[in-house]
Each structure stands twice: as structure tokens, then as C-alpha cells.
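Below is one structure, written out as C-alpha cells; the observations come after it.
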Amino acid sequence: MTKQTVLPSLRALRPAHGGTCFALHPDGRPVFIRHTLPGEVVDATVTKERSRLLHADATTIIHASEHRQPHVWPQAGPGGVGGADLGHVKPEYQRIWKTDVIADQLSRIGGTPTFEAVKEALGTTALKVEPASGDETGDLRHRRTRVEFEITKNRRLAMTRVDSHDLVEIDDMPLADQSLLDLELLGDSPWKRLYRPGKRVRAIAPNAGGRRIVIGNQTFNSRRRRVRDIATWSVDYRGLTAQFDVNTHGFWQTHRSAPSDLVGTVMDFAQVRPGDGVLELFSGAGLFSYFLAHAVGEHGRFISLEGSRMAVSDARHNLRSLDTPRDLQVGQINSQTIMQAWSDLEQRPDLIVLDPPRSGAGKEILTTIGMIGPERVILVSCDPAAGARDIRDLMARGYAVTNLRAIDLFPQTHHFEIVTVFSRQ
């Protein structure tokens, strides 16, 4: 079977993880189809075959869903670049789609006992994906405060085609914050003299400072002048406002509402008390760290562990004004380093917060947390499959799920965030 094979009149059955819909080939093989919706009948062109699994793009829509809309970014449609795999789906149904994916992954990856335990504890409504603040209505464009591109030999900005290394020159990016589009970075750009083929471009729109454009390893302001490698963000939680200086080469949440939404969710769930001992893993530039450390106060104790030296340097700067006894550590996050951080805390932590990468925390880290036995654990997951595995593994170590909130911080894509709270049984 070749990439040009067309599978006629397939019916998309249900959403699947990764922005595809599950369907069945006439011979019984599973097919995962991009650019369709549940219930649609489509002709699909095969793009990849692995063992008995087929991947395909819907190229002709025979019977369209009522939830279909014109794609918000045609260059990310069939055969195009990645970055908007749900751009053909109406906004309200995108969240229904993602809600179905949570239930599917908890059942399939976490296992039926995990899914049933979560449903029994919280009810099915807790799995409903909520819009980010400000996304309750509207077309969900222009939400991203950070976008990235590659530079072609023509000195134009491009992105890679899905399942390919081919570069596609970009003439529009409707998911980007409008202030970034106003810089005229795309097409025959006034920035062209600074573009070097093979380099990457990152455009950033921080909410507490000027726009920043990173070209290669150099950072520029909107007037194309070199500036420090810092972008400044402001985050508010219940009247407490913190300012974060973050390296322009480092990580910060992309959606304009993500920092405040995540801080609000984690802190509301954490119920930190003055004098508590808190351990944070994968702490980044200190987004949660600041508010957690502030909450435990001068009579509490806070320790964080992060693998990026650059991020820890930013975090130390961002938490410099706090009186809380704290230790922001840099190092690989594994059983040994977590146990050492626990020893440094000099008490059993009341709370452990962890925000692992897309691959999840994994058994080693969760086993170690189970051995330490904090009263509460808060897990932030940006991938539902990894989140389902982590929920299952932490429940197996004596923890019960007591709360869960899913937030659509990546509209037009299949990604979203899940914040899960566990209590020790």
C-alpha cells in the first residue's frame, strides 16, 4: 500500500488521541484519519502504514458533520503544516472532542478500574474540558503569545509539513497573537536582512513588556534592535501580582491566559497553609513556585527541582523578594534527587506539585512520591495518554483522585492541560 492509496467512503467513528478520528478499513484494520469529525463519511488518502495500523488524511468529505467549519488556517489543512489539527472543528465541539479523549485515555491507558474510580469519586462532569479564560466565545484565533518558524533558503519563514521534513513557507499564522502578526515577520518581510537560512525564529508577546523576536541565538525588540534575552510576564492570583523575567530561549506557557489559569487552578486545589512544607518537581522558571512559596510563608519550607539550569536561574531571580525559606535546585529529576530534596526539606512534605514534560512523570518518579507519602499531590499533565498512565500509577501507590480540571489551553489543536489532585489514603 502506498501513500497515494485512497480508502473510499470510510466512516469516522470517534475521536482518537492525536487529533485524529478512529475508523475501520473494510478488512478490519484500524485507520486513524486527520481532518475529519466523528460521524462523517470521507474518502481518505493513506499517509503512513505501520504494521496493521493505517494513518490517513480526509481528502473528500462525502457527508459532513454539523460541527465542521471552514479551516481557520488552510495551510494547516490536509497535506499542510502541523499546528492546527482541529482547525476544521467548531470551537464548542473542540472541547467536546477533547472531553471524549480524556474518557477514552483514562479507560484505555489507565484501565477500566482507574476510569471507574475517577468517575465514582468525581462524576463524569469533572472530565469536561473547560475553555481558557476569555475563550468562552469567539473563533479562538490569535491566542498564542509564542510562535516558532524556520528560515528557508529564500529567507522567508516556514514550518514543516506534517510527517515530513519539507518546509512550507508561511504567509499567515492566525493562531498567533495579533501583535506578533503586526510585526510583519512573514512573507517578503522587513526583517529579511536578519534572517539566516537554517536558523529558527521565535516570536514572543509577553504581557508585561515589549515584543521579543529571537533569531538564532540573538534577541531583538520590535524595532529590530538587539536586546537582553529576557521577556517579562505578569501573573495575578487573588490580588497577588508577580512579575516573571524569563529567558527568551526558555519555556513559558503559550496561551495568553494559561499562566493565570494554571496558577489559579493549582493554588485553589493546593490549599497551602502557612508553615507547610512543599516540594515542587519540574518547576521551570518559577510560575507555580512563586505562589506556592508565598503561601507557605516565612515559617514554611519550599524546595523545587528542575532540570534546566537556565530555568532555575530565572526562578531564583523571580523569587528573590520572598521571605520563605527555600532551595531552588537544578538537576536531573529521578528517585535519587527527589529523595535528596526530601531530606533537604527536613519534613514529610504536605504537598508535592509536579508538572512533567509531555511524556509524563513515569513510574520511577511516582513510586518515589509514593514512598515519601505527602498528604496531597497535584499533577499537571499536558498529554492525556501520559496523564492517564500517571493517574493510574499514583493511584496504585495509595492515592485517591479528589479533584480534576481540564482546560483547553491549546485551541485549534488536540492538546489540552489536565490538573489532577490526589490525597493519600
Side-chain angles (χ1 to χ4, degrees), residues 122 125-126 128-137 143 145 205-209 231-246 251-304 306 311 314-326 328 349-355 374-382 401-410 416-423:
L122 307 178
T125 56
K128 183 178 179 180
V129 176
E130 304 173 20
S133 297
D135 286 0
E136 296 81 3
T137 59
R143 265 47 177 185
T145 60
N207 66 351
T232 303
W233 307 82
S234 179
V235 181
D236 179 85
Y237 173 68
R238 295 185 180 272
L240 173 63
T241 300
Q243 183 169 293
F244 296 87
D245 291 337
V246 181
F251 174 79
W252 188 255
Q253 292 289 338
T254 301
H255 191 288
R256 61 191 184 192
S257 298
S260 57
D261 280 3
L262 286 173
V263 165
T265 300
V266 168
M267 294 303 298
D268 286 350
F269 284 169
Q271 297 296 301
V272 179
R273 300 155 297 202
D276 276 354
V278 175
L279 176 61
E280 183 187 2
L281 309 177
F282 307 99
S283 51
L287 174 61
F288 299 144
S289 308
Y290 182 94
F291 296 95
L292 292 167
H294 181 274
V296 303
E298 59 182 342
H299 300 297
R301 178 80 171 145
F302 175 83
I303 290 182
S304 64
E306 163 60 42
D314 288 344
R316 288 170 178 166
H317 171 78
N318 293 329
L319 271 68
R320 66 192 183 281
S321 63
L322 297 179
D323 294 329
T324 302
R326 62 189 184 275
L328 312 185
D350 299 282
L351 170 70
I352 292 181
V353 176
L354 65 160
D355 184 5
E375 179 183 333
R376 304 180 307 284
V377 177
I378 295 182
L379 169 69
V380 182
S381 308
C382 58
V401 174
T402 56
N403 217 329
L404 183 149
R405 185 185 182 203
I407 316 172
D408 188 9
L409 298 179
F410 305 92
F416 53 97
E417 296 273 349
I418 306 172
V419 182
T420 310
V421 187
F422 304 82
S423 292

Query raised in the report: In Å, rounded to the nearest 0.5 Å, how long is the span from CG of Asp314 to CG of Leu319?
Result: 11.5 Å

Query raised in the report: Do Phe302 and Leu328 come close enough that some side-chain heavy atom pair is under 4.5 Å?
Result: yes

Report task. Would you give the length of the straight line joining atom CD1 of Ile303 to atom OG1 of Thr324, rounded to the nearest 0.5 angstrom? Result -> 12.5 Å

Query raised in the report: Does Asp135 reach the side chain of Ser257, with side-chain heavy atoms less than 4.5 Å apart?
Result: no

**Report entry** Glu306: side-chain hydrogen bond (donor to acceptor under 3.5 Å, both in side chains) partners, not counting sequence neighbours
**Finding:** none

Query raised in the report: Mind checking whether Asp350 and Val278 have side chains closer than 4.5 Å, heavy atoms only?
Result: no

Query raised in the report: Which of these, Leu409, Val235, Thr145, Asn207, sits in a side chain to side chain contact (heavy atoms under 4.5 Å, CB included) with Pro259?
Result: Val235

Query raised in the report: If we only count heavy atoms from C-beta on, is the Val263 to Phe288 side-chain gap below 4.5 Å?
Result: yes

Query raised in the report: For Phe422, which of Ile378, Asn403, Leu379, Leu404 qualifies under side chain to side chain contact (heavy atoms under 4.5 Å, CB included)?
Result: Leu379

Report summary line: So the ring pair (Phe, Tyr, Trp, His ring centres under 6.0 Å) pairs with at least one residue in residues 251-274 (sequence neighbours excluded) are Trp233-Trp252, Phe244-Trp252

**Report entry** Close side-chain approach of Leu354 and Val377, heavy atoms under 4.5 Å
**Finding:** yes

Report summary line: Applying side-chain hydrogen bond (donor to acceptor under 3.5 Å, both in side chains) to Thr265 and not counting sequence neighbours gives Arg405

Query - Beyond-backbone contact of Arg143 with Thr254, side-chain heavy atoms, under 4.5 angstrom - result: no

Report task. With the side chain counted from C-beta on, respond yes when Glu417 and Val380 share a heavy-atom pair under 4.5 Å apart, and no when they do not. Result -> yes

Query raised in the report: For the atom pair CZ (Arg326) and CD (Glu280), what is the distance rounded to the nearest 0.5 Å?
Result: 13.5 Å

Query raised in the report: Which value, rounded to the nearest 0.5 Å, describes the distance between Thr402 atom OG1 and Arg376 atom CZ?
Result: 9.0 Å

Query raised in the report: When rounded to the nearest 0.5 angstrom, what is the spacing between CG in Asp408 and CD in Glu130?
Result: 10.5 Å

Query - Nearest heavy atoms of Asp261 and Ser133, plus distance in Å - result: OD1-OG, 2.6 Å

Report summary line: To the nearest 0.5 Å, atom OH of Tyr290 lies from atom OG1 of Thr241 at 8.5 Å

Requested in this report: Determine whether Leu262 and Asp355 make a side-chain contact, defined as any pair of heavy atoms from C-beta on separated by less than 4.5 Å.
Outcome: no

